[in-house]
K.L.:
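Right, I'll just put the structure down here and ask away after.
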Amino acid sequence: MTVTVLDKTYSPKSIEQKHYQHWEANNWFAPSGIGESYCIMIPPPNVTGSLHMGHAFQDTIMDLLIRYNRMCGKNTLWQPGTDHAGIATQMVVERQLNAENKTRHDLGRDQFIERVWQWKAESGGTITNQLRRMGASPDWTRERFTMDEGLSDAVKEVFVQLHDKGLIYRGKRLVNWDPVLHTAVSDLEVLSQEENGKLWHLRYPLSDDSGYLVVATTRPETMLGDTAVAVHPQDERYNHLIGQSINLPLVNRKIPIIADEYVDPEFGSGCVKITPAHDFNDYEVGLRHALPKLNVFDDNAAINLPDTPYHGLDRYDARKKVVQDLESLDLLDAVQDHKLMVPRGDRTGAVIEPYLTDQWFVKIEPLAIQAIKAVEQEQIRFVPDNWRNTYFEWMNNIQDWCISRQIWWGHRIPAWYDEEGNIYVARSEQEALAQAKDKLGYEPSLHQDNDVLDTWFSSALWPFSTLGWPEQTDELKTFYPTNVLVTGFDIIFFWVARMIMFGIEFADDIPFHEVYIHGLVRDADGQKMSKSKGNVLDPLDLIDGISLDDLVAKRTQGMMQPHLAEKIEKATRRQYPDGIPAFGTDALRFTFTSLATQGRDIRFDLGRIEGNRNFCNKLWNATRYVLMNVESQRMGLEHDNLDFSVCDQWIIGRTQEVTQKCHDHVQSYRFDLLAQTVYQFVWDDYCSWYLELSKAVLNSDDTAESIKAGTRHTLINVLDTILKLLHPIMPFITEEIWQGIKPHLRECGQTIMLESYPTADTDKIDQRASDEIAWVQAVITAVRTIRAEMDIEPRKLLPVLLQNHSNVDEQRLKAHGYLVESVGRIQSIELLNEDQQAPESATGLVGNMKILLPLGALIDKNEELARLAREISKLRKELDKVQAKLNNNNFIERAPETVVKKEHSRAEELKAAIAQLEQQKSKVESIA
RNA sequence: GGGUGCUUAGCUCAGCUGGGAGAGCGACGGCCUUACAAGCCGUAGGUCGCAGGUUCGAUCCCUGCAGCACCCACCA
C-alpha cells in the first residue's frame, strides 16, 4: 500500500493550475448532452477589461451554480464570451494612436477598425485568462465575442425586424451629446451629480420698451438660442404680458412671451427663458407652442453662430462673454450661488450637452409592455424579489432608446441612403440595392449610415445570439430560455430589461427564469473601490499574494490625480505592513460565497479570507489524519464486514442533514448559509468531535476489528461527501484532496468535478445516536469547563465521579465511557450512589446528573462557591422568566398546548438543576 | 421630489411562517494534547435604532420618527 504524503501545511499555489489545465484539456466544461438542461450566460465582460472584485464575486457564484448543477447530473452549459464595448475599446486604441501622434482620422475608418481587431487579437484575452485563474468552468470551446460574424448577423436581423415592425425610427431629436466623444449617448450613460454653480438673473427688455422681464438661468450662454420667455398662465404679475414679446439682447431677436404650466411661479422671478434646442424641458415647451428650435452649438459644444462675436467660442468662454456683455448693457440683474445637477458622461466625465441631431431610436413601449408582464406574472423572478420594484419603476417610465452612436467601433447601422436621401434598412448592401431598385426602378449608388449601434444593443441579444439565433439551432432549443442570470443591480436597466424585451420579441420566450442580483463589493470600510481612492484590491493579488512595494506601486501608478499618490501610499503601508499573503483561489471563492447574503453590499475584509484560508488548511490536515489512519492499515480500507459505532452512526446522520441543507441553500440562492453550513459541519462536527472520537475508537484495544474498519470507512466516506459538497465552492483543494483519497473509495470516476453531488438519505439520520453523542459531548464539555475554570493543567488525567445519575446515564456510561475518558482526558469514571459521601469536588451538571471532579487539596473552596453561585444565579434568572409566563393565565389559556407544555418541562428542568447546585453548594460550604 | 434597502455582541453580519438571542473575527485566560499554533480548550460581551400599536407573547407583523446607504427624477 502506498502512502499518500500530503505536506504538513496547505499551499494553494502548488495545486491550482495543474488541475485547471487538466479539466480544460479534457473538455470537461462542455455540456454532457445528457439530462435536463441547465444554462447560465456569462455577463460578457468588456474585452478591454481586467478582472476586478465584482467580476470575481459574480464568477464565483456562477461557477458554484454551474458546478453544482453539473454534479447533479444536468446537461450544463456556462456560455462564456466578451463584449466589444464600443466606446471603451475605441478609447483604448485611440489612446495608443495618440501616443504615436496620430488620430483615428489619420488612419481612416477601415484601417482604424483593423487596428482595433489587431488590438483585440493581442490583448483581448486578459480577462478570460483571469477567469481561468478563478477556477471558472465555462465551456471555452463555445466562447463568443459580440462582434463575431454570427452575433453580428443576429444584430442585423433584429434591427431589420424591428424596423419592419415600425419599432425603429430615425429622426432629429434632442439627445445627450458627449462633446468629447462626439457622439450621442443614452439616458443611462449620463450621470447627474450635484455641483456648485451660479444662477444668473438676466433682464430681457420688452419689445414695447415698457420695461423688462427678469429670467433666471444656470446657463446664460444658451440665451443665444432662446426662442421664447415663458410665465405661468395664472401668474398675475405677468399674465397681462402673454402674447407680447421680448427683444432678445445681444442677438436682437424678437421672441414671444408665452404661458405654460411648466413654469413654477415660486422659483426665481417666475419667468423662464426657453431654449428648445438646448434643454429637455424647453424642448417639450417648444413642441407645445410650436417654437423654432435654434441650435447654437457645434459638435464640440462651441458656439456656432457665424455672424456673432461668439462664434467659435467654447460654451464656457461664451458664457463669460455673454455675462460680461449683458453686464455692460446693464442687463445683468443679479448673480447668486446655486447648487445644480450637472449631467456628465459616464465614460468621459464631460458635461453632457442636450443637442439636436439625427439619431436612430427604438420605440420601446410596445416591447416594454410584454417585458413588464413577464415579471408581473412571475415567469421571471428576481432574487431578492424587491428588485422587481426597481425594474417596474423604470419600465413604467421608459423612454425611447437612442441606439445610434457616432463612433467607429461597433455594429454599423444596417441602413443605406441613396442620393435623394431615401433610407433602405436591410441585412446587406445587396438587399438594400434590391429594395432601392424596386422603389426607383433603377439601381442607385448607395452609401451606408456612418453610425454604429449602442453596445448594449448587441448585449441585449446575448442569451440567444450566442446560441446561434436566428438559426433554429439545437443549442437554442436545448438551452433557451436559460435558467438564471447572475448580475449586479447597476445594469438592470442597461442590460437585464433589454434582454427581457428582445428575448420575448425575437426568441419568442423570456431569456431566463431567474435573475440573481448580487451586491457591490466594497472595501473593509464600506467604501467603493476606486483607483482614485487607492483602495482597489485585485482578486489575483489575493490569490497569489503581493509584496507591499508592488502593491503601493500598483495603486499609485498612472493616476488621474497624482497628488493623491502620497496619501494612498501612506494608507496602504499602514493597512498592509507586510503586503498581502497568498490566500489561494479556494479561500477567495469561499469568502465570496460566505459573503453572498441577499442583495446588500458586501464589505471585503482580509480577516475573512484569512479565516477561510485557515479553513482550507483545516480540511487539508483532517485529510492527513484520515489518510494516516487508513493507510497505516496493512490491508487498506475494507468495504465489507463493517460494523458502525455510535460515532459513525451519528456523523453519518449529520452528513445527511447537512447534505439536505446544502441542496436547500443552493436552490434558494442562500450561498452564505451554504458556506456556513459546510464550514460548521467540517470544523465542529467532523474535525472537533468525530475525528477526536475516532481516535478513541481506533486506539482502544477493546474495540472489535469490524468496528475499527467501520470507523476507517466512515472517516473516508464522510470526507468524500464533504469534498463533493464543497467542490462547487472550492474546486481546487477538493480535487487535490479527492485525488488523494480516491484509491480508498469503492467507485469513482476520474475527477471530482464530474462526480455526483451527494444526496441526502434521511433513513440514515439516527436520532438515538445523535442523543448518545450529545450526552458524550455534554459530559466532556462539563469536565473541560470545570478544568479550565479551576485552572487545572489540561494534560493531567483526572478521575471523575457521577452522582444523581439515571438508568439512561448508567447505560450510556457503560457503552460510551471509553469515549468520554479518552477525549476528555479522564483517568476513570465512577458512579456514586446518593448516600455515598463525595470527596471535595468541583461540580458540573448534565441534565440532572452531577459531574464531580474530586480535587482534594487542589480545590479552592471560595472559587468553587463563586462558580456555583454564578451558575445558580444564571439558572434562576431563566427560571424567573419561565415562571412569569406560567403564572400568566392568558398564556396558559391562549398559547398552543405544546408551547405551554414545553415551558412547564423547562421549569422543571431548571428547578432540578438549581436544586442540584444548591445541594452541592451547601456541601462545599460545610467543608471546614 | 419619488423609490428601495439598512439599523442585532467591540467589528462584519446571520436570525426561516412571532414562542428559550447566534456565527466569524477581535478581546480575555490556559495549553506546542501523537491531523492542524493557519491549531486546541475555556470565558466574557447584546433594554435586537427610538416611540407607539396588534398579540397570551414581538428582533420578527403594523404605524410614526430618527440616522445611514443607494437608485430614479426636467425646477430654470
Side-chain angles (χ1 to χ4, degrees), chain A residues 6 8-10 187 192 199-200 215-219 222 230 262-264 266-275 279-285 338 340-341 354 384 386-387 389-390 393-394 397 489-490 492-493 519-520 524 526 581 583 587 594-595 597-608 610-629 664 668 670 672-673 676 679-680 687-688 691-692 695 699 780-781 784-789 791-795 825 878 881-882 885 888-896 898-900 902-903 906 910:
Chain A
L6 290 184
K8 187 165 176 180
T9 302
Y10 151 75
D187 300 345
S192 289
L199 193 57
W200 286 269
V215 299
T217 179
T218 54
R219 303 205 49 199
T222 62
Y262 156 67
V263 180
D264 175 4
E266 305 295 315
F267 189 90
S269 62
C271 302
V272 185
K273 61 190 272 310
I274 301 297
T275 324
D279 182 284
F280 288 100
N281 287 313
D282 294 5
Y283 184 83
E284 295 299 322
V285 175
H338 182 70
L340 72 161
M341 298 299 281
N386 56 291
W387 291 106
N389 298 327
T390 307
E393 192 194 327
W394 188 68
N397 299 296
F489 57 83
D490 49 332
I492 290 179
F493 306 144
L520 185 74
F583 294 114
S594 67
L595 289 173
T597 55
Q598 295 238 307
R600 84 157 80 178
D601 290 353
I602 61 171
R603 295 188 184 206
F604 196 91
D605 189 338
L606 278 196
R608 289 294 287 266
E610 188 185 343
N612 293 327
R613 189 268 321 260
N614 296 352
F615 177 62
C616 293
N617 193 49
K618 188 80 180 170
L619 192 62
W620 185 264
N621 279 295
T623 306
R624 290 179 61 227
Y625 167 81
V626 172
L627 288 178
M628 227 174 69
N629 278 286
D664 295 345
S668 57
R670 286 305 304 266
D672 56 327
L673 298 180
Q676 193 187 24
Y679 184 99
Q680 283 175 354
C687 291
S688 292
L691 257 47
E692 294 306 319
K695 290 175 189 172
N699 294 337
I780 291 169
T781 303
R784 280 174 177 170
T785 303
I786 297 168
R787 195 197 276 273
E789 289 188 348
D791 232 359
I792 301 161
E793 246 188 290
R795 305 185 60 179
R825 300 196 67 78
E878 277 301 306
K881 273 204 240 169
V882 177
K885 264 192 192 178
N888 183 345
N889 269 336
N890 280 327
F891 174 73
I892 303 291
E893 283 164 23
R894 304 201 191 187
T898 51
V899 174
V900 177
K902 203 167 141 201
E903 292 298 317
R906 255 194 86 207
L910 286 166

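Note that this is a predicted model, so its numbers are computed, not measured. Naming: A, B, ... by sequence-line order, numbering from 1 per chain.
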K.L.:
Are OP1 or OP2 of B:A35 and a side-chain N or O of A:K695 less than 4.0 angstrom apart?
P.N.:
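A:K695 to B:A35 OP1/OP2: side-chain N or O found under 4.0 Å.
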
K.L.:
So which protein N/O to nucleotides 6-10 of chain B N/O distances come out below 3.5 Å?
P.N.:
| residue | atom | partner | partner atom | Å |
| --- | --- | --- | --- | --- |
| B:C6 | O3' | A:R600 | NH2 | 3.2 |

K.L.:
Does any donor-acceptor pair link the side chain of A:E692 with the base of B:A35 at a separation under 3.5 Å?
P.N.:
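In this structure, the two groups form a donor-acceptor pair.
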
K.L.:
Tell which nucleotide pairs with B:A66, taking only Watson-Crick or G-U wobble pairs whose two distances are both under 3.5 angstrom.
P.N.:
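Here B:A66 is engaged in a pair, and the nucleotide opposite it is B:U7.
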
K.L.:
Any donor-acceptor pair under 3.5 Å joining the side chain of A:R906 to the base of B:G20?
P.N.:
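Such a pair is found, so the answer is yes.
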
K.L.:
In Watson-Crick or G-U wobble terms, both distances under 3.5 Å, what is the partner of B:G1?
P.N.:
B:C72

K.L.:
Contact between A:W387 and A:I492 at the side-chain level, heavy atoms closer than 4.5 Å - yes or no?
P.N.:
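In contact.
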
K.L.:
Side chain to side chain contact (heavy atoms under 4.5 Å, CB included) between A:R603 and A:R608: does it pass, once the steps are laid out?
P.N.:
CA-CA 10 Å; A:R603 295 188 184 206; A:R608 289 294 287 266; over 6 Å; no

K.L.:
Hey, what's the ring geometry for A:H338 with A:F267, parallel, tilted or perpendicular (30° and 60° as the breaks)?
P.N.:
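Correct class here is perpendicular.
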
K.L.:
What nitrogen or oxygen pairs link the protein and nucleotides 66-73 of chain B at under 3.5 Å?
P.N.:
none

K.L.:
OP1 or OP2 of B:C40 sitting under 4.0 Å from any side-chain N/O of A:K618?
P.N.:
yes

K.L.:
Could you please name the partner base of B:A58, counting Watson-Crick and G-U wobble pairs only when both distances are under 3.5 Å?
P.N.:
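Partner of B:A58: none.
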
